[in-house]
Amino acid sequence: MNHAPNTRQRLLHLLSDNAIHSGRELAEALGLSRSAVWKSLQELEKLGLSVHAVRGRGYRMPHPVEMLEPDSLNQHLHPATRERISSLDIHPCLDSTNTYLMQRARNGTGSCGQVCLADSQGSGRGRMGRSWLSPPGANIYLSVLWHFEDHAYLTGLSLAVGVAVARALVASSLTEVNLKWPNDILWQDHKLGGILIEATGTAHGGCQVVIGLGINRYLPPQLAERIDQAWIDLHRIQGRDMPARNVLIARILNEMIPLLVSYPRQGLAAWLDEWKTLHHWKGREVVLLQGERHIRGILQDISDQGLLILRSPDGTLHEYGSGDVRLQRSA
Ligand code: BTN
């Protein structure tokens, strides 16, 4: 068994107050030698978290760290949300919270309403086969497993989830939140979060769906250099006023779980108008990337089924169900 993530988590917890801690104090608190502490500090550095050594005094973490705390999270969940959560699994480190729940969905050990959170992900996954940067200590990596009686209920679900997440961010005093089709969460054209929905069929025709969400609260700059598009995190937007990690997770679940409960009845129709008000790129010249295919057009609208409607250069309208939208000037 690998104990490293646990030691790392305990060290991160000790440093999360952003105060200076001497090497001796950390070693005593963790029950480790000072060289073992030093090794764990190096591990944090490798994950992109800089730990400042303050000469003669010890170490301090210069950026925000907040551990995932089940009690604090629970405290902010609405009773109706709590009732629908069948289990709340919190892990220091997983490959991917989506993979974790998809495996459980496939082998029959998962349950509808199972929520999985990780402090960090070793192989976080984004849409279109991309990876998702997932350092520990600040961001949100959340997945929810849900069961639908019919595959058809999935239509437009990812758009509706985007609205739920935007609501939670607005409730956390974030202004200028927008959505990019199908489900990127933007702030002033910069990517703040993303949603990855995956599904697997069941023997009786229904389906199990995993709704994965990543929100950037704090991305260490040296790691973020690897991102190939304009990005942002809540710390850069709101500074010290950014929402607490556990509170924001609870707010997201308070929006997302009722959405999942009502979705088979209401469908996208209940969310479409709000999605359209958040649709920032309407009327802009865009390129839709579908693998090797690059489709240019003006972003016209979203159909009632949640498809993207583009006006092509010859003036005709076309609907698309997948792809990645970029502004033409930045594609
Ligand atoms: C995107 O490409 O915009 C979607 C990103 C989704 C990332 C989240 S983080 C939690 C969950 N687990 C994963 O591996 N991916 C999703």
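From a predicted model like this one, the values you see are computed outputs, not experimental measurements. Just so you know, ligand 1 is whichever comes first in the structure, and atom 1 is the first atom listed for that ligand.
Residue-ligand proximity, R125 to ligand 1, at heavy-atom distances under 4.0 Å covers atoms 5 (C), 6 (C), 7 (C), 13 (C), 14 (O), 15 (N), 16 (C). Close contacts of ligand 1 with G124, meaning ligand atoms under 4.0 Å from a residue heavy atom, involve 14 (O). Interface atoms of ligand 1 facing K191, defined by a heavy-atom separation under 4.0 Å, are 1 (C), 2 (O), 3 (O). Listed by atom number, the atoms of ligand 1 under 4.0 Å from G126 heavy atoms are 1 (C), 2 (O), 4 (C), 5 (C). Within the listing of ligand 1, atoms 3 (O) sit less than 4.0 angstrom from a heavy atom of D184.
Other residues, nucleotides and ligands place more than 12 heavy atoms under 6.0 Å from the CH2 atom of W231. The neighbour count for R82 CZ, taken as heavy atoms of other residues, nucleotides or ligands under 6.0 Å away, is above 12. Counting heavy atoms of neighbouring residues, nucleotides and ligands inside a 6.0 Å radius, atom CD of E149 does not exceed 12 of them. Shown here is R84, whose CZ atom has no more than 12 heavy atoms of other residues, nucleotides or ligands within 6.0 Å. Around NZ of K39, the count of heavy atoms belonging to other residues, nucleotides or ligands within 6.0 Å does not exceed 12.
Checking D95, L94, T97 against atom 11 (C) of ligand 1, the nearest heavy atom belongs to T97.
The closest side-chain donor-acceptor pair between S96 and N98, if any, does not fall under 3.5 angstrom. Residues S131 and R226 bring no donor and acceptor atom of their side chains to less than 3.5 Å of each other.
Contacts between L213 and ligand 1 below 4.0 angstrom, taking non-hydrogen atoms only, involve the backbone exclusively. Looking at S143 against ligand 1, only its side chain comes within 4.0 Å, counting heavy atoms. Of the heavy atoms in L142, only backbone atoms (N, CA, C, O) come closer than 4.0 Å to ligand 1. Contacts between Q121 and ligand 1, counted as non-hydrogen atom pairs separated by less than 4.0 Å, involve the side chain only.
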Please lay out, stage by stage, how D324 and R130 fare under the test salt bridge (charged side-chain N to carboxylate O under 4.0 Å, His left out). CA-CA 12 Å; D324 210 15; R130 286 192 291 256; 2.9 Å; yes
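Residue S96 has at least one nitrogen or oxygen atom sitting less than 3.5 Å from a nitrogen or oxygen atom of ligand 1, judged on distance alone.
Atom 2 (O) of ligand 1 has as its closest protein heavy atom R127 N, 2.6 Å. In terms of protein heavy-atom proximity, atom 5 (C) of ligand 1 is nearest to W132 CE3, 3.4 Å.
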Please tabulate, for the side chains in residues 63-76, all donor-acceptor contacts under 3.5 angstrom to protein atoms that are two or more places apart in sequence or on a different chain.
unit_1: H63; atom_1: NE2; unit_2: S50; atom_2: N; d: 3.4
unit_1: H63; atom_1: NE2; unit_2: S50; atom_2: O; d: 3.4
unit_1: E66; atom_1: OE1; unit_2: R245; atom_2: N; d: 2.6
unit_1: E66; atom_1: OE2; unit_2: R245; atom_2: N; d: 3.3
unit_1: E66; atom_1: OE2; unit_2: N246; atom_2: N; d: 3.1
unit_1: E66; atom_1: OE2; unit_2: N246; atom_2: ND2; d: 2.7
unit_1: N74; atom_1: ND2; unit_2: P70; atom_2: O; d: 3.3
unit_1: H76; atom_1: ND1; unit_2: S72; atom_2: O; d: 2.9

